[in-house]
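Everything numeric in this text was worked out from a predicted model, so none of it was measured. Note on naming: letters A, B, ... go to the chains in the order of the sequence lines (proteins, then strands), and numbering restarts at 1 for each one. FYI, side chains are in, hydrogens and waters are out, and symmetry mates aren't considered; it's all heavy atoms of this structure.
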Amino acid sequence: MIDIKNIREQQSLIQDRLAKRDKSINLDNIISADLSLRELTKKLNDLQSDQNRQSKEIGILKSEGKADDSVFAKLKELSNTIKDLEVEHRTKSKNLKSMLLDLPNIPHSSVPVGTSEKDNALIKDCESKKEISFSPKSHVDIAQDLDLIDFEAGAKISGAGFPLYKGNGALLERALLNFMIDFHLKNYNYTEFFTPFLVKPDAAITTGQLPKFDEDMYHIEKDELYLIPTAEVPLTNIHKDEILELSALPKYYLANSACFRREAGSYGKDTRGLLRVHQFNKVELVKFVHPDSSYEELESLKNQAIKLLDLLELDYRIIELCTGDLGFSAAKCYDLEVWAPGEEKWLEVSSCSNFEDFQSRRGNIRFRDESGKVDFVHTLNGSGLATPRIFAALLETHQNQDGSITVPVALQPYLGLAEIK
RNA sequence: GGAGAGGUGGCCGAGUGGUUUAAGGCGCACGCUUGGAAAGCGUGUAAGGUUAAUAGCUUUCGCAGGUUCGAAUCCUGUCCUCUCCGCCA
């Protein structure tokens with residue numbers, strides 16, 4: 001959520017910066033709603049003050065046995081006026097809040113300007129892809145030939161997009177997750193969590209999935225709970241409505257979770273195999289940091305995810321999203337993409353974002369700064385990493401002509417195998 | 001799912017309709033005291049809105065409504081925690 005005071009004070013500046021993301025955004029309604037709400041607040045507060053004072057006087061009169069009906073009648077009128085204004089105030093305040101919740105974050109000034117994916121900046125290209133001397137198979141065929149995934153059975157049980165990992169496939173999935181979790185825990189100062197997979201609407205509002213992207217989430221109406229699209233949601237909400245001590249920052253949190261995505265509107269796109277599924281696993285990294293250091297933290301987050309790709313011996317490139325392609329909550333975002341030689345596609349396996357105070361404002365996550373003043377923390381997150389596309393790229397990159405897979409050295413202890421055949 | 005108890009400031013806890021402007025304690029901060037510390041004594045100690053303001057006003061006692069001139073207190077709904085019973089991995 002963007003600070004209303006900020007919008008109030010520099011409307012045109014913010015308007016311009018949001019226009020780089022979406023030209024249709026207009027702040028005029030918000031400005032006028034804010035103005036009218038503030039006028040109403042002033043009026044209401046004055047009347048409340050009057051009511052408080054007079055009620056207190058009645059209290060004293062009554063205790064002295066001197067109160068008569070005329071005083072009550074007079075105050076009844078005031079009380080009714082206040083009640084009406086309170087209703088109006090509530091409505092207007094909800095209205096403004098909902099407008100603010102629908103507004104995306106302001107892109108950081110360093111973000112390349114553009115309208116879509118095609119304007120994203122290539123930060124680091126892959127210098128030389130691993131050479132494969134034969135025609136590489138798709139991960140779908142490899143997985144089927146080696147009996148690693150039973151897509152048909154998954155579809156029978158839950159529908160398309162719910163892969164059923166089997167035998168060495170299930171083992172590889174588990175090995176990948178454990179390898180990645182251990183990597184972060186051993187090399188960086190992360191605290192591991194295992195979170196709930198179902199969350200209240202408020203939690204999804206904090207991170208920005210709600211209220212705008214309700215259609216993308218699995219929703220259990222009976223209990224008013226949502227299935228998490230990423231562990232970012234529960235992790236970020238751990239400190240909802242809290243004021244953290246300065247000494248507690250930065251906080252580095254990690255969780256492996258199943259992620260559930262409806263992928264509404266993306267039917268027909270990447271439907272084959274593991275490229276776009278409704279349920280997958282991901283190791284998520286979340287940071288709560290001092291506002292002064294959030295951009296350094298973004299770089300280190302990105303570098304951390306990259307190291308995993310090196311260890312898995314995958315070919316990758318780094319993209320910086322342009323203003324038009326940036327996610328709703330992000331101020332700046334890097335995507336890591338791995339090369340899948342069978343599919344002949346770059347696959348997004350990690351997204352590392354700085355949300356600045358966008359999420360912390362929505363979730364009321366604050367800290368006490370050097371001077372004792374309360375301010376919002378900055379939050380960041382990054383995938384480290386999402387497995388299905390890593391799984392796919394791994395099979396395709398490390399496949400041999402005889403159909404076997406050579407397991408990267410770093411992963412071998414977790415798998416207990418040097419090759420899958 | 002059924003029955004009961006409870007949710008008050010950083011923490012504990014008093015408060016069942018009106019000087020509550022939330023007692024008291026703990027913790028914390030500062031000061032006095034001291035050779036120094038502890039103890040003791042004193043002062044201070046929430047967040048949001050508005051504002052030039054650390055002034056004033058206002059909101060907030062889980063949350064949302066309601067009753068009343070006036071609600072932490074009464075009523076309704078709801079969420080959460082705990083205990084017991086039932087079911088269950």
Separation of the [atom1] atoms in [N] and [M], to the nearest angstrom:
N: B/rU67; M: B/rU76; atom1: P; value: 15 Å
N: B/rU21; M: B/rC12; atom1: P; value: 24 Å
N: B/rG6; M: B/rA14; atom1: P; value: 11 Å
N: B/rG10; M: B/rC82; atom1: P; value: 22 Å
N: B/rG15; M: B/rU73; atom1: P; value: 15 Å
N: B/rG17; M: B/rA72; atom1: P; value: 13 Å
N: B/rA5; M: B/rU59; atom1: C1'; value: 31 Å
N: B/rG56; M: B/rA52; atom1: C1'; value: 13 Å

[atom1] of [X] versus [atom2] of [N]: gap in Å, rounded?
X: A/K373; N: B/rA47; atom1: NZ; atom2: P; result: 12 Å
X: A/N364; N: B/rC63; atom1: CG; atom2: P; result: 13 Å
X: A/R53; N: B/rC57; atom1: CZ; atom2: P; result: 12 Å
X: A/L198; N: B/rC80; atom1: CG; atom2: C1'; result: 17 Å
X: A/R90; N: B/rG49; atom1: CZ; atom2: C1'; result: 16 Å
X: A/K94; N: B/rA64; atom1: NZ; atom2: P; result: 9 Å
X: A/L35; N: B/rU50; atom1: CG; atom2: C1'; result: 13 Å
X: A/L40; N: B/rU59; atom1: CG; atom2: C1'; result: 14 Å

Nucleotide of [options] approaching [X] most closely (side-chain heavy atoms):
X: A/S79; options: B/rC80, B/rU51, B/rC69; answer: B/rC69
X: A/I58; options: B/rU50, B/rU58, B/rG18; answer: B/rG18
X: A/V374; options: B/rG18, B/rA47, B/rU51; answer: B/rA47
X: A/R366; options: B/rU50, B/rG48, B/rU58; answer: B/rG48

Inset, instruction - Take A/D46 and A/K200, find for each the nucleotide of RNA chain B with the closest heavy atom, and name the residue whose nucleotide sits nearer the 5' end. - result: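 That would be A/D46.
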
Counting only side-chain N and O atoms of [X], is one of them less than 4.0 Å from OP1 or OP2 of [N]?
X: A/K83; N: B/rG66; value: no
X: A/R8; N: B/rG49; value: no
X: A/T41; N: B/rU58; value: no
X: A/Q51; N: B/rG70; value: yes
X: A/R368; N: B/rA47; value: yes
X: A/K76; N: B/rC69; value: yes
X: A/N52; N: B/rU59; value: yes

Please work out which of the three classes, parallel, tilted or perpendicular, describes the rings of [Y] and [X], given edges at 30° and 60°.
X: A/F179; Y: A/F183; answer: tilted
X: A/F288; Y: A/H239; answer: perpendicular
X: A/H278; Y: A/F162; answer: tilted

Legend entry - Output field: ring centroids A/H290/A/F367 closer than 6.0 Å: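 Judged by ring-centre distance (under 6.0 Å), A/H290 and A/F367 do meet the cut-off.
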
Who pairs with [N] - Watson-Crick or G-U, where each distance is under 3.5 Å:
N: B/rU34; answer: none
N: B/rA89; answer: none
N: B/rA22; answer: none
N: B/rU43; answer: B/rA29
N: B/rA64; answer: B/rU76
N: B/rA14; answer: none
N: B/rC84; answer: B/rG2
N: B/rU51; answer: none

Legend entry - Side chains of A/Q359 and A/T379, donor plus acceptor under 3.5 Å: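 Short answer, yes.
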
Inset, instruction - Verify the distance criterion only: is there a donor paired with an acceptor across the side chains of A/E313 and A/H398 at less than 3.5 Å? - result: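 Absent: no donor and acceptor within the cut-off.
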
Legend entry - A/E9/A/K5 salt bridge by N-O under 4.0 Å criterion: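 Result for this pair is no, no salt bridge flagged.
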
Inset, instruction - Using a strict cut-off of less than 4.0 Å between a Lys/Arg side-chain nitrogen and an Asp/Glu carboxylate oxygen, indicate whether A/E86 and A/K83 qualify as a salt bridge. - result: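 Salt bridge: no.
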
